[in-house]
Number of protein chains: 2
Amino acid sequence: MKSKFIDYVKSFVDVPKSEQDKLTSLIKIRRISKGEVYLLKGQSARTISFVNEGLFRYFYVNKKGNDLTKVFIPENFILLAYSSILEKRGAYYTIEALEDSEIEEIEFTKFDELCYNHPCWNSFLLKILQNALLIKEQREREFLMFNAGQRYASFLCKFPDLEGRIPQHFIASYIGITPETLSRLRKFR
Amino acid sequence: MKSKFIDYVKSFVDVPKSEQDKLTSLIKIRRISKGEVYLLKGQSARTISFVNEGLFRYFYVNKKGNDLTKVFIPENFILLAYSSILEKRGAYYTIEALEDSEIEEIEFTKFDELCYNHPCWNSFLLKILQNALLIKEQREREFLMFNAGQRYASFLCKFPDLEGRIPQHFIASYIGITPETLSRLRKFR
DNA sequence: ATAATGCATTGATCTATATCAATTATCTAA
DNA sequence: TTAGATAATTGATATAGATCAATGCATTAT
């Protein structure tokens with residue numbers, strides 16, 4: 001079986017064939033339709049997945065009922081509510097599919113067993129955590145130093161392929177402004 | 001030699017005595033006085049340290065010359081400009097001591113060799129990265145959902161011991177507001 | 001094709017926070 | 001211990017971005 005998940009892992013670390021086979025045997029292909037909720041706020045995450053095609057977003061809901069987008073996860077990225085797993089608590093956010101999507105999914109407990117039995121998996125985890133850290137650091141920097149227009153410019157720069165695929169109001173909720181403000185920003189570019 | 005750094009590592013992962021000794025042999029104790037710059041923006045980081053006593057802050061400088069605090073690192077935490085090391089580039093931020101401080105310092109290249117030769121060190125790295133991720137996720141959530149007053153309340157809650165140790169304008173720069181605004185927020189509590 | 005729903009735009013305000021300026025308080029160093 | 005520097009407070013005003021409301025534009029479903 002051809003697995004994009006495994007190709008992705010191999011792009012970061014060396015994985016012996018035997019370990020690749022173990023992962024393959026655990027993967028379940030799953031389709032999730034546009035609009036479907038993958039993980040509901042308050043639920044504990046139990047899986048680690050790779051997005052073969054499609055697009056997801058993680059979002060918080062504030063007291064007024066507005067939603068704020070934490071991150072977009074498109075094809076060829078890992079779909080994982082890691083904080084929920086680490087803290088063994090319900091997630092702060094909901095994850096929904098923005099497009100009809102296909103993922104390769106594994107129970108996290110099974111993945112943990114892999115980690116326990118061969119170091120390559122922890123190395124992989126370390127790599128994606130390092131990546132996540134760099135991305136989060138940039139986002140923190142931009143919230144501290146950038147105004148709305150600069151954050152929008154940075155979004156376009158970081159996710160050139162998402163512009164057009166995503167309704168504007170989701171982009172607004174990612175950069176932390178209202179759709180009206182984003183619309184006005186766009187008029188002057 | 002008694003090392004708080006090693007105690008800290010042992011609080012996360014098992015470290016064989018032989019590995020402990022290797023770390024000990026690499027540690028250099030260093031004192032840094034209040035106001036001293038530990039890492040200047042643009043310089044590449046080369047060390048990983050543990051703060052025995054004292055307090056540091058990481059800060060960005062924007063175009064107007066105002067500084068924005070990324071994080072405070074007090075005693076018993078790791079002092080490390082990891083993004084600079086990972087990306088092999090000059091740091092985006094400056095690190096300065098806010099108090100006379102003592103750190104246990106190691107060349108990161110040496111630490112890397114430890115990692116290469118025994119898995120406990122990578123496990124440790126993984127743990128502190130997981131921690132960092134949780135903290136950064138919370139900060140992202142608060143920038144998205146909280147106003148200035150809520151971010152200040154959260155700061156007090158997360159760092160109860162720092163209030164009073166740190167000039168207010170640094171706290172303001174951490175939560176992303178001006179000192180004037182923080183002063184006004186404080187009047188009504 | 002038409003209705004219905006959700007999305008984007010635009011205008012008129014409102015509000016949180018920034019900016020500028022002056023004053024007072026606190027710290028630091030000779 | 002006092003002078004100078006740095007920090008905090010307070011007031012007046014400015015501004016980025018939010019909110020509310022209306023209209024127009026697409027997309028989907030009937």
Side-chain angles (χ1 to χ4, degrees), chain A residues 33-37 55 57 59-69 72 94 96-100 139 142-156 162-189, chain B residues 32-37 54-55 57 59-69 72 94 96-101 142-156 162-189:
Chain A
S33 353
K34 178 174 175 170
E36 200 175 321
V37 166
L55 177 59
R57 86 175 176 122
F59 65 96
Y60 300 109
V61 180
N62 68 12
K63 286 197 166 181
K64 290 185 199 151
N66 299 320
D67 64 68
L68 284 304
T69 298
F72 297 105
T94 294
E96 69 171 2
L98 295 184
E99 299 175 351
D100 291 340
R139 192 151 155 81
E142 293 182 357
F143 272 123
L144 281 171
M145 315 203 7
F146 284 7
N147 63 22
Q150 293 169 317
R151 294 204 300 278
Y152 179 54
S154 169
F155 170 86
L156 293 181
L162 290 192
E163 170 71 336
R165 242 170 112 179
I166 295 176
Q168 275 181 47
H169 67 277
F170 288 150
I171 299 178
S173 91
Y174 176 78
I175 62 185
I177 62 176
T178 59
E180 292 95 326
T181 296
L182 180 58
S183 172
R184 283 184 252 262
L185 286 176
R186 284 165 52 86
K187 248 200 327 192
F188 306 104
R189 306 195 75 252
Chain B
I32 294 156
S33 351
K34 178 172 176 171
E36 200 176 320
V37 166
L55 176 60
R57 86 175 176 122
F59 65 95
Y60 301 108
V61 180
N62 68 13
K63 286 198 166 181
K64 290 184 200 152
N66 299 320
D67 63 70
L68 283 305
T69 299
F72 297 106
T94 293
E96 67 171 1
L98 295 185
E99 299 174 351
D100 291 340
S101 304
E142 294 182 356
F143 273 123
L144 279 171
M145 314 206 4
F146 284 6
N147 63 24
Q150 293 168 317
R151 294 204 301 278
Y152 179 54
S154 168
F155 171 85
L156 293 181
L162 290 192
E163 170 71 337
R165 242 171 113 180
I166 295 176
Q168 276 181 46
H169 66 278
F170 288 151
I171 299 178
S173 91
Y174 176 78
I175 62 186
I177 62 177
T178 60
E180 292 95 325
T181 295
L182 179 58
S183 173
R184 283 183 251 262
L185 286 176
R186 283 165 53 86
K187 253 206 314 199
F188 307 104
R189 307 196 73 248

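A, B, ... follow the sequence lines: proteins, then strands. Residue 1 opens every chain.
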Round to a whole Å and report the spacing from OH of Y152(A) to P of dG17(D). 15 Å

Measuring from the side chain of K187(A) (C-beta onward, heavy atoms only), which nucleotide among dT10(C), dA8(D), dC7(C) has the closest atom? dT10(C)

R186(A) CZ to dA8(C) P: how many Å, rounded? 8 Å

Whole-Å distance separating the CD atom of Q168(A) from the P atom of dG6(C): 18 Å

Measuring only between side-chain heavy atoms, which start at C-beta, is F59(B) closer than 4.5 Å to V61(B)? yes

Quick one: D67(B) CG to dT6(D) P, roughly how many Å, whole number? 14 Å

Work out how much the helix from dA1(C)-dT30(D) to dA30(C)-dT1(D) bends between its end axes, five pairs an end, to the nearest 10 degrees. 50°

Taking the side chain as every heavy atom from C-beta outward, state whether E142(A) and I175(A) have any pair of such atoms under 4.5 Å apart. no

Verdict with reasoning, L156(B) to I171(B), per side-chain contact (heavy atoms from CB on, under 4.5 Å): CA-CA 10 Å; L156(B) 293 181; I171(B) 299 178; 5.7 Å; no

S173(B): which of T69(B), N66(B), T178(B) passes side chain to side chain donor-acceptor pair (under 3.5 Å): T69(B)

Nearest 0.5 angstrom please: L144(B) CG to F143(A) CZ, how far? 4.0 Å

Can you check whether R165(A) reaches F170(A) side chain to side chain, under 4.5 Å on heavy atoms? no

d(CG, D100(A); P, dT28(D)) in whole Å: 11 Å

Should the pair R57(B) and Y174(B) be classed as cation-pi, given the thresholds of under 6.0 Å to the six-membered ring centre and 45° from the axis? no

E180(B): which residues meet the side-chain hydrogen bond (donor to acceptor under 3.5 Å, both in side chains) condition with it, sequence neighbours left out? none

For P167(B), answer base if it contacts any base atom (sugar-phosphate contacts may also be present), sugar-phosphate if it contacts only those atoms, and nothing otherwise; contact means non-hydrogen atoms under 4.0 Å. sugar-phosphate

Assign a letter to each nucleotide of nucleotides 17-30 of chain C from its 5' end: B, base within under 4.0 Å of a protein heavy atom; S, sugar-phosphate only; -, no contact. SSBB-------S--

Would you check if I177(A) and R184(A) make a side-chain contact, meaning some heavy-atom pair closer than 4.5 Å? no

Whole angstrom value for the distance that separates P of dT9(D) from NE2 of H169(B): 12 Å

Taking atom C1' of dA16(D) as reference, at what distance in whole Å does atom CD of Q150(A) sit? 12 Å

I need the CG-P distance between L98(A) and dT27(D), as an integer number of Å. 17 Å

